[in-house]
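Labels below follow one simple rule: chain letters A, B, ... track the order of the sequence lines, proteins then strands, and each chain is numbered from 1.
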Amino acid sequence: MLPLQLLRDESERIAQALAKRGLDAGPMLGEILELDRERRKLQAELDETLAEANRKSKEIGELFKTGKAAQAQELKEESGRLKERSKTLGEALNQAAEALQEALYQLPNVPHQSVPAGQDETDNEVVGQGGTKPVLPEGALPHWELAGKHDLIDFELGVKVTGAGFPVYKGKGARLQRALIQFFLDRNTAAGYTEVQVPHLVNADSGYGTGQLPDKEGQMYEVQVDGLYLIPTAEVPVTNLFRDVILSADQLPVCYTAYSPCFRREAGSYGAHVRGLNRLHQFDKVEIVRVEHPEASYKALETMVAHVKGLLEALQLPYRILRLCGGDLGFTSALTYDFEVWSAAQERWLEVSSVSNFEAFQANRLKLRYREGNDKPQLAHTLNGSALALPRVLAGILENYQDETGIRIPEVLVPYTGFDRIDS
RNA sequence: GGAGGAAUGGCAGAGUGGUCGAAUGCGGCGGUCUUGAAAACCGUUGAGGGUCACACCUCCGGGGGUUCGAAUCCCUCUUCCUCCGCCA
């Protein structure tokens, strides 16, 4: 949710920037500003009425004390009329405030100036790459076949226990996955991120805080009886740790990392592109989250990008970095870099990380602020990124590291796995 | 799951119908004193809306109600504590 003050001050600029998303925000902004005026007008009227009623109440108190009951009675009647009026005004105000709130929820974040205009993922801009695509041996296999051949992952068992998209990892497959989690957490904490373990179910307030609600409701699994949602990413609980928080400026930046399973309904996505580990309903991810001073947030974003890059280079996986275009940019993000790993056997790129600056968009919903000295609290900036999402990294390792007889383990992982090859 | 108690400002803790956004202590910030620091003393110190700035309005866990008037009374929800039961 964009800060209202920003819309009042810079609606022209915002409308232009939102055009990069292919959105004609002019009418929406007009409506919002109109609702805002309406709301303030009603608020002023209500305040005036309440002020009057407050004065009357005090007078009545005085009159009773001095024994002038008859006069007090008169004032009571006037007070009653004021009460009626404030009730009506209050209802009108609530309606206006609610309409304003809803309109604000509809408005996505303003793309950063560096965001390229564009329709969809084909317009994303490649801003970096590294590693070399391997030359695979004769008879190389896609990861789901490798996983079956070496008994690393059992997709069918997952179907039996739960359904499609819930794989069962076994033996060295499970071990490799755990090694990756450990490796990522170690690297992240070494880079200054504090490890946290957070709930995997969140309440609706948290969903609103980070922007999953109200619009992306269908993406999350919901536990209706308790009003809870399974997290689609650790971003939700971790960022919500800071809901309704005022930090002092010298506490910034706050850097957290968390491992969690992620649950996504991914309704309507089936077919060849979701085979194997390409797209799952449950997967593991290690996330990094930062709360930053607004002036430092873009520098922090570059730091995060460099860090994620370091992870992929340590694993020696061929990757590329994309700057998302306006059309592909997430609703809550101002600037996003995607990291993709080359899937050698499928011959396609797989997204393994998405690093974003949300500026004050989430902070505004979260009421996450910082205070400089004794100044008024200001909205902080929030950022996050995957570091990294596990299944596609796993897929990349299996495919890229396969040789004639099996699969090698990236050197940096060997201390974590305890084995350096997978052979059957 | 059952029975009781509680929820107030950064923290602790007063306040049981009016002048209470709220005593007091601690903490924070500013100052006096000091070579400097500590101590002591003085001042200041919640958030949101609104305004050029004031005024003014709202907020004492959330929601609803009683009353001219609610932190204070009633209902309800949530959370925490104590006891009992169950349990990884």
### Results of salt bridge (Lys or Arg N to Asp or Glu O under 4.0 Å) for Lys56(A) - residues two or more places apart only
Glu52(A), Glu78(A)
With rounding to the closest Å, how many angstrom separate the [atom1] atoms on [N] and [M]?
N	M	atom1	answer
U8(B)	G62(B)	C1'	15 Å
C83(B)	G13(B)	C1'	26 Å
U76(B)	G25(B)	C1'	36 Å
U67(B)	C57(B)	P	23 Å
U79(B)	C29(B)	P	37 Å
G50(B)	U58(B)	P	16 Å
C86(B)	G64(B)	P	41 Å
A38(B)	G28(B)	P	10 Å

### Task
Tell me, please, which residues at least two apart from Glu302(A) pass side chain to side chain contact (heavy atoms under 4.5 Å, CB included).
Tyr337(A)
Donor-acceptor pair between [X] and [Y] side chains, under 3.5 angstrom:
X	Y	result
Asn278(A)	Gln346(A)	yes
Tyr416(A)	Asp186(A)	yes
Ser354(A)	Asp338(A)	yes

### Task
Would you jot down, in residue-number order, the residues of residues 87-98 of chain A having a non-hydrogen atom under 4.0 Å from RNA chain B?
none
### Query
salt bridge (Lys or Arg N to Asp or Glu O under 4.0 Å): which pairs involve residues 287-300 of chain A, sequence neighbours left out?
Lys285(A)-Glu287(A), Arg290(A)-Glu292(A)
### Task
Would you mind listing every salt bridge (Lys or Arg N to Asp or Glu O under 4.0 Å) that reaches into residues 4-14 of chain A, with sequence neighbours excluded?
Arg8(A)-Asp36(A), Glu10(A)-Arg13(A)
### Message
Treating primed atoms plus P, OP1 and OP2 as sugar-phosphate and everything else as base, which nucleotides of nucleotides 45-61 of chain B get B, S or - for protein heavy atoms under 4.0 Å?
### Response
--SSBSS----SSS---
Determine which nucleotide pairs with [N], using a 3.5 Å limit on both distances of a Watson-Crick or G-U wobble pair.
N	answer
G4(B)	C81(B)
A40(B)	U32(B)
C87(B)	none
G18(B)	C68(B)
G27(B)	U45(B)

Between protein and nucleic acid, restricted to nucleotides 66-69 of chain B and to nitrogen or oxygen atoms under 3.5 Å apart, what atom pairs and distances do you find?
unit_1, atom_1, unit_2, atom_2, d
C68(B), O2', Ser57(A), OG, 3.2
C68(B), O2', Ser79(A), OG, 2.5
G69(B), O4', Ser57(A), OG, 3.2

Pairs: protein N or O with nucleotides 70-75 of chain B N or O, under 3.5 Å:
none

Throw together a table of side-chain donor-acceptor distances under 3.5 angstrom for residues 176-184 of chain A, partners on residues two or more places apart or in other chains.
unit_1, atom_1, unit_2, atom_2, d
Gln177(A), NE2, Asp284(A), OD2, 3.4

### Task
Any pair with a residue in residues 14-34 of chain A that passes side-chain hydrogen bond (donor to acceptor under 3.5 Å, both in side chains), sequence neighbours left out, goes on the list, sorted by first then second residue, please.
Glu34(A)-Arg37(A)
Show every donor-acceptor pair shorter than 3.5 Å between a side-chain atom in residues 95-106 of chain A and any protein atom, with sequence neighbours excluded, or say none if there are none.
unit_1, atom_1, unit_2, atom_2, d
Gln101(A), NE2, Tyr105(A), OH, 3.2

### Task
Report the distance from atom CE of Met28(A) to atom CG of Leu33(A), rounding to the nearest 0.5 Å.
12.0 Å
### Query
Can a cation-pi geometry be assigned to Lys172(A) and Phe419(A), taking NZ or CZ under 6.0 Å from the six-membered ring centre and within 45° of the ring axis?
yes
#### Entry: Plane angle bin for Phe361(A) and Phe331(A) - parallel if under 30°, tilted between 30 and 60°, otherwise perpendicular
perpendicular
Would you mind writing out the side-chain donor-acceptor pairs for residues 153-167 of chain A within the sub-3.5 Å range, not counting sequence neighbours?
unit_1, atom_1, unit_2, atom_2, d
Asp154(A), OD1, Glu156(A), N, 3.0
Asp154(A), OD1, Leu157(A), N, 2.9

